[in-house]
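Below: the structure, in structure tokens.
Every number for a ligand or one of its atoms is a count from 1 in the order of the listing. When a residue number appears, it is its place in the shown sequence, counting from 1.
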Amino acid sequence: MTDENPTAGPSLDTLASLCKRRGFVFQSSEIYGGFESTWDYGPLGVELKRNVKQAWWQAMVRERDDIVGIDASILMSPKVWEASGHTANFNDPLVECKGCRRRFREDELEAGAACPECGGELSDARQFNTMFKTFVGPIEEEAATAYLRPETAQGIFVNFENVLTSTRKKLPFGIAQQGKSFRNEITTGNFIFRLREFEQMEMEFFVKPGEDEEWYQYWRQERLDWFVRLGARRERLRFREHEAEELSHYSTGTTDIEYYFPMGWSELEGIAKRGNYDLTQHAAASGKRLDYFDEPSGEHIVPYVVEPALGVDRAILVFLLDAYEEEEVRDEKRTVLKFHPALAPVKVAVLPLSRKETLAPTAQKVADLLRPHYMLQYDDAQSIGRRYRRQDEIGTPLCVTVDFDTLEDDAVTIRERDTMEQVRVPVAGLLDAVGERLPEIG
Ligand code: ATP
């Protein structure tokens, strides 16, 4: 298997340094030395993140008739986590080195391994619940203990009845959600791969019992295709089916879409068959009826669920790694992020050839023409070659150059990021010309 591995993207250090330099991702609380496994998105990162979330929402909700969205609270009744099994089962096996005292997840080490840091002996594993606990209200008493949600899915299950009655959806149908989740992870690191505070995009697809296998196959393929459509490299993606003993407490079958990260194959997205576990648990614990009235048969049924669950930050990492390329152009190194245009944080840059006063008003007018339609940067500092490189490095698909001829012929030059080809177009036709080159934005 190993010799069939694809080539990996750039190292995480290379990527993290570009991300910091250009304002994609910063270490959280950096001026205080950082805070482990939390990261902040900068001016370009926030655009990229919004674009990734929007592309998911578009594919999962807006372009479909059978999925609706919700936005539930992060803080929920603690009874939710009792019923879902998280209070009892959302554990990782923690081992500690008897020498250096570092902690690891036992299931990430080889059986019988010594401490990966110092070679010391490891303790027996103990179960560590990774939910963050907090107190709601001014008195720290048991009744007021709450958790920061470790997944967004439960907000969907507890709203099943509300969504069903307000939308009158018929099976099969799905409920989608995006939002923050929190896990007190034991092992962290690898840049934004594993975080303690992260964002998820999850969708619970409710189907008739017996139809879940078919939908499970459908969603596996659909989710893989989504990555490829948005520019992920197919050869760095693969399916990995979980072994029976790996399955989560709720799952009857799980596939990971794995990606070949610089540290090796790891989970990008999970697609799970959850049976009717969650609805049954919440119905029993709340005493409320959580089922579906099937008119044709006159029966109440508890739907089965298929869930694709993806981390936004992990998707961002993949799109960054797959976009990254270093090329030789006329004996110079060009670093370019070849983002799909829908994901690129900046769509168009407007660059006056020189800073001379004579060009500025025209260049500003060109920028004003495009700005309502496209995320845009206006850059007049340093040589034009340098400015192209800067835009390449943040993945801007198009640069529009305003030069001295523009004052005469009312035309500008469009330069494409990937081919570096340049074409001259009249300003009057610029909006259309840009639209043709960025067909999937708007
Ligand atoms: P692992 O076994 O790696 O801890 P998991 O199987 O528990 O992860 P899921 O519960 O299936 O993960 O979560 C669904 C998705 O959410 C994952 O595929 C991943 O993209 C994302 N995710 C989960 N935990 C984290 C985290 N700590 N940081 C960033 N993303 C995460």
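In terms of protein heavy-atom proximity, atom 19 (C) of ligand 1 is nearest to R314 NH1, 3.5 Å. When only non-hydrogen protein atoms are considered, atom 22 (N) of ligand 1 lies nearest to F198 CE1, 3.6 Å. Ranking the protein heavy atoms by distance from atom 5 (P) of ligand 1 puts R183 NH1, 3.8 Å first. When hydrogens are left out, the protein atom nearest atom 15 (C) of ligand 1 is A309 O, 3.5 Å; that is the closest non-hydrogen contact. In terms of protein heavy atoms, atom 8 (O) of ligand 1 is closest to E267 OE1, 3.9 Å.
Side-chain N or O atoms of T14 include none that pairs as donor or acceptor with a backbone N or O of P10 at under 3.5 Å.
One finds a salt bridge joining R240 and E258 here, because a Lys/Arg side-chain nitrogen approaches an Asp/Glu carboxylate oxygen to under 4.0 Å.
Because its NZ or CZ atom is not both nearer than 6.0 Å to the ring centre of Y388 and within 45° of the ring axis, R390 does not count as a cation-pi partner of that residue. The side-chain tip of K133 does not point at the ring of Y147 from less than 6.0 angstrom away and within 45° of straight on. In this structure, R223 is positioned above the aromatic face of W226, its NZ or CZ under 6.0 Å from the six-membered ring centre and within 45° of the axis. Cation-pi contact between R183 and F132: absent, since separation from the ring centre below 6.0 Å together with deviation from the ring axis within 45° is not met.
The side-chain contact (heavy atoms from CB on, under 4.5 Å) test applied to E393 returns L18, R21, R22, T335, not counting sequence neighbours.
Residue contacts with ligand 1: R194 is placed with a nitrogen or oxygen under 3.5 Å of a nitrogen or oxygen of the ligand (distance criterion only). Not a single N or O atom of L310, backbone or side chain, sits closer than 3.5 Å to an N or O atom of ligand 1. Between L195 and ligand 1, an N or O atom pair is found at a separation short of 3.5 Å.
Here is the list of ligand 1 atoms found below 4.0 Å of a heavy atom in E185: 24 (N), 26 (C), 27 (N). Shown in contact with G270 at under 4.0 Å from a heavy atom are these atoms of ligand 1, numbered in order with element: 18 (O). Proximity to Q200 (heavy-atom distance under 4.0 Å) selects the following atoms of ligand 1: 13 (O), 14 (C), 15 (C), 16 (O). For ligand 1 and F193, the ligand atoms under 4.0 Å from any heavy atom of the residue are 28 (N), 29 (C), 30 (N).
At a heavy-atom cutoff of 4.0 Å, ligand 1 is contacted by the backbone of E269 but not by its side chain. Proximity of R105 to ligand 1, defined as any heavy-atom pair under 4.0 Å, is confined to the side chain (atoms from C-beta onward). By the criterion of a heavy-atom distance under 4.0 Å, the backbone of L268, and not its side chain, is placed next to ligand 1.
Looking at T254 and E241, their side chains never bring a donor and an acceptor atom within 3.5 Å of each other.
Not a single heavy atom of E151 sits under 4.0 Å from any atom of ligand 1.
For the pairing with D256, the side-chain hydrogen bond (donor to acceptor under 3.5 Å, both in side chains) check across H242, R238, R220 returns one residue only, H242. If you run ring pair (Phe, Tyr, Trp, His ring centres under 6.0 Å) between F206 and each of Y304, F173, W215, only F173 comes through.
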